[in-house]
2 protein chains.
Amino acid sequence: MADIKNDRRQEILQAARNEFIKEGISGARTQAIADHIGVTKAMIHYYFKTKENLFKEVFRQASKSFIDGLLDPLEREGPLFKKIEAFIDQLINRLENNPELAGFITNELRRHNEITAPIFRDACNIETTVFARQLEEAASDYEIAPVTPDQVIINIFSLCAFPYVGRGLLKGLLKKQNSQQYQSLLNERREMVKDTVINWLAG
Amino acid sequence: MADIKNDRRQEILQAARNEFIKEGISGARTQAIADHIGVTKAMIHYYFKTKENLFKEVFRQASKSFIDGLLDPLEREGPLFKKIEAFIDQLINRLENNPELAGFITNELRRHNEITAPIFRDACNIETTVFARQLEEAASDYEIAPVTPDQVIINIFSLCAFPYVGRGLLKGLLKKQNSQQYQSLLNERREMVKDTVINWLAG
DNA sequence: GTCTATATTGTGATAGAC
DNA sequence: GTCTATCACAATATAGAC
């Protein structure tokens, strides 16, 4: 039946997602994916033809799940600073729920840009027009310093995502061998990132 | 002679550095390293025994070159905000001079933590006692908000490094297909990062 | 020190039986 | 749809000649 066929396909995709996120496309092994759900490599070929096809599908879904709706809080009606806080909350929630996802996406974009950039670009089919206009108005009313939406988004993403993507680097630099020590630093950051961004804008 | 032996060793290390930074340990090929300097793979075995040994040596040098002296501006005498600005300048200089280095280190730490974390920890043999004391004094004099040195360093690293490590992600998100457009965003950031950090501390 | 040649294992892909 | 068996080749490691 079509349902059985679809189930098996989904099962492979799920196992592939785990393997690719953990190992990257270069380190991932089709054998490991097959083993994990108790089928043979031939099944992967049957449903996806090649490892690269399977990777592309995983990367597409990973990108979509990370990006979809991410900027929505900025596009709703409401006061500027409230919206920024809601956006930061949502971004940190996503990072917290899937701590490896952002690192996977950034790294595969770095190492295999040819393959991944078009897929990621496609997933980033989102708008920021409301937010851009609101920033401009606030700046011309002298409520905030004159900044571009691009730099606001870079700042917020950097402050939120790097502690996850660069976790190992920061743990070494700050000498936090204990993971709980580092996690409590992360917990403190939610309000701290909001302060950092708002203070910067409010000047 | 010992010098010739040492030269060839260095030559292999240099080629390996390029290959490993570009491909990571999983994607790197010993054949590619050998080809690049016109020797055979047997040479690599002669000087380093295994690919993993060679990688460890490359990662050790990469970590040291990134970390050594990095926090020095914070440990010198002088006013707090000047020191922070000098630190940000130096960090961005290093990222600019070697845009792939931070991404390499963060990713190998994520993917091969068992191997890399001890090496990186060893490279991070640095002090921040002067800076920590200065932050504490400024906070008790109400010159700045009460913050820990750890969070200051996380904020600065995030704001400086993520635009390089997560370049592909941000380019997609901001729809900058043109690399020059993205580079000019990076150029604007040097002063902007300083503002962001100082405004946050000054409250 | 450096190379050629080869051992050994791993890895993605696929043909063909059921 | 699923498996067994196998191909073709890539990759690291290494022995042995020079």
Side-chain angles (χ1 to χ4, degrees), chain A residues 1-62 104 107-108 111-112 114-116 119, chain B residues 1-60 104 107-108 111-112 114-116 119:
Chain A
M1 316 301 212
D3 273 359
I4 292 172
K5 172 167 177 170
N6 208 47
D7 281 1
R8 181 54 55 127
R9 200 187 134 90
Q10 291 305 321
E11 215 178 354
I12 293 172
L13 264 174
Q14 178 59 46
R17 188 184 155 103
N18 292 339
E19 174 77 0
F20 280 125
I21 288 182
K22 192 155 160 257
E23 306 289 347
I25 188 174
S26 303
R29 297 293 168 247
T30 54
Q31 186 67 65
I33 296 168
D35 286 353
H36 199 264
I37 52 176
V39 298
T40 64
K41 284 184 293 182
M43 280 292 91
I44 293 173
H45 176 259
Y46 178 74
Y47 285 102
F48 295 94
K49 287 278 180 257
T50 66
K51 176 184 176 181
E52 186 174 312
N53 275 346
L54 178 55
F55 170 77
K56 283 179 176 169
E57 188 56 33
V58 165
F59 190 78
R60 189 185 336 274
Q61 291 194 6
F104 168 66
N107 191 63
E108 300 310 299
R111 291 265 162 78
H112 310 280
E114 208 85 334
I115 297 176
T116 52
I119 297 172
Chain B
M1 308 304 218
D3 273 0
I4 293 173
K5 172 167 178 171
N6 208 48
D7 281 0
R8 183 49 56 108
R9 199 186 135 91
Q10 291 304 321
E11 213 177 355
I12 293 172
L13 264 174
Q14 179 58 44
R17 189 184 154 104
N18 292 339
E19 174 76 1
F20 279 125
I21 287 182
K22 190 153 162 259
E23 306 289 346
I25 187 174
S26 304
R29 296 294 166 247
T30 54
Q31 185 68 64
I33 295 167
D35 286 353
H36 199 263
I37 51 177
V39 297
T40 63
K41 284 181 295 181
M43 281 291 91
I44 293 172
H45 177 257
Y46 178 74
Y47 284 101
F48 295 93
K49 287 280 179 253
T50 66
K51 177 186 176 181
E52 185 173 312
N53 274 345
L54 177 55
F55 170 77
K56 282 180 177 172
E57 188 57 34
V58 165
F59 190 79
R60 190 186 333 276
F104 168 66
N107 191 61
E108 300 310 299
R111 290 264 162 78
H112 310 280
E114 208 86 334
I115 297 176
T116 52
I119 297 172

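Below, chain A is the first sequence line, B the second, and so on; all start at residue 1. Note that the coordinates shown come from a computational prediction; the quantities given were computed from them, not determined experimentally.
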Checklist entry - Under 4.5 Å between any side-chain heavy atoms of B:K56 and B:F59, yes or no? => result no
Next on the checklist: Starting the side chain at C-beta, find the nucleotide from D:dA11, C:dC3, C:dT11 nearest to B:T40.
Outcome noted: C:dC3
Checklist entry - Considering only heavy atoms from C-beta outward, does the side chain of B:R9 approach that of B:Y46 to under 4.5 Å? => result no
Checklist entry - Any side-chain heavy atom of B:K51 sitting closer than 4.5 Å to one from B:R29? => result yes
Every protein N/O lying under 3.5 Å from an N/O of nucleotides 14-18 of chain D:
from	atom 1	to	atom 2	distance (Å)
D:dT14	OP2	B:H45	NE2	3.2

Item to check | Any residue of residues 13-28 of chain B with a heavy atom less than 4.0 Å from an atom of DNA chain C | outcome: none
Checklist entry - How close or far is atom P of C:dT11 from atom CG of A:L54, stated in whole angstroms? => result 16 Å
Next on the checklist: How many whole angstroms separate atom CD of A:Q31 from atom P of D:dT6?
Outcome noted: 16 Å
Next on the checklist: If you only use heavy atoms from C-beta on, which nucleotide in C:dT2, D:dA13, C:dG12 is closest to the side chain of B:Y47?
Outcome noted: C:dT2
Checklist entry - Between C:dT14 atom P and A:F48 atom CZ, what is the distance in whole Å? => result 16 Å
Checklist entry - Mind checking whether A:E11 and A:D7 have side chains closer than 4.5 Å, heavy atoms only? => result no
Checklist entry - Out of D:dT12, C:dT11, C:dT2, which nucleotide sits closest to the side chain of B:M43? => result C:dT2
Item to check | Length of the CD-C1' vector between A:E11 and D:dG1, whole Å | outcome: 13 Å
Next on the checklist: Quick one, A:I33 and A:V39 - any side-chain contact, counting heavy atoms below 4.5 Å?
Outcome noted: no
Next on the checklist: Using whole Å, what does the distance between atom C1' of nucleotide C:dG1 and atom CZ of B:R8 come to?
Outcome noted: 9 Å
Next on the checklist: Taking 4.0 Å as the cut-off, does a side-chain nitrogen or oxygen of B:R29 come that near to OP1 or OP2 on D:dA10?
Outcome noted: no
Next on the checklist: Nearest to the side chain of B:V39, heavy atoms from C-beta on, is which of C:dC3, D:dT2, C:dT2?
Outcome noted: C:dC3
Item to check | Under-4.0 Å salt bridge between A:E108 and A:R60 | outcome: no
Checklist outcome for this item: Atom CD1 of A:I44 and atom P of C:dG12 are separated, to the nearest Å, by 9 Å
Item to check | Side-chain heavy-atom pair B:F104, A:R111 within 4.5 angstrom cut-off | outcome: yes
Next on the checklist: Measure CD1/B:I33 against P/D:dA13 and give the value in whole Å, please.
Outcome noted: 11 Å
Item to check | Value in whole Å for how far the C1' atom of C:dG1 lies from CG of B:N6 | outcome: 14 Å
Next on the checklist: Is there a side-chain contact between B:F55 and B:T116 in this structure, where contact means two heavy atoms from C-beta onward sitting under 4.5 Å apart?
Outcome noted: yes
Checklist entry - Which nucleotide in the list C:dG12, D:dT2, C:dT2 gets nearest to the side chain of A:T30? => result C:dG12
Next on the checklist: Are A:L13 and A:Y47 packed together at the side-chain level, in the sense that at least one heavy-atom pair is separated by less than 4.5 angstrom?
Outcome noted: no
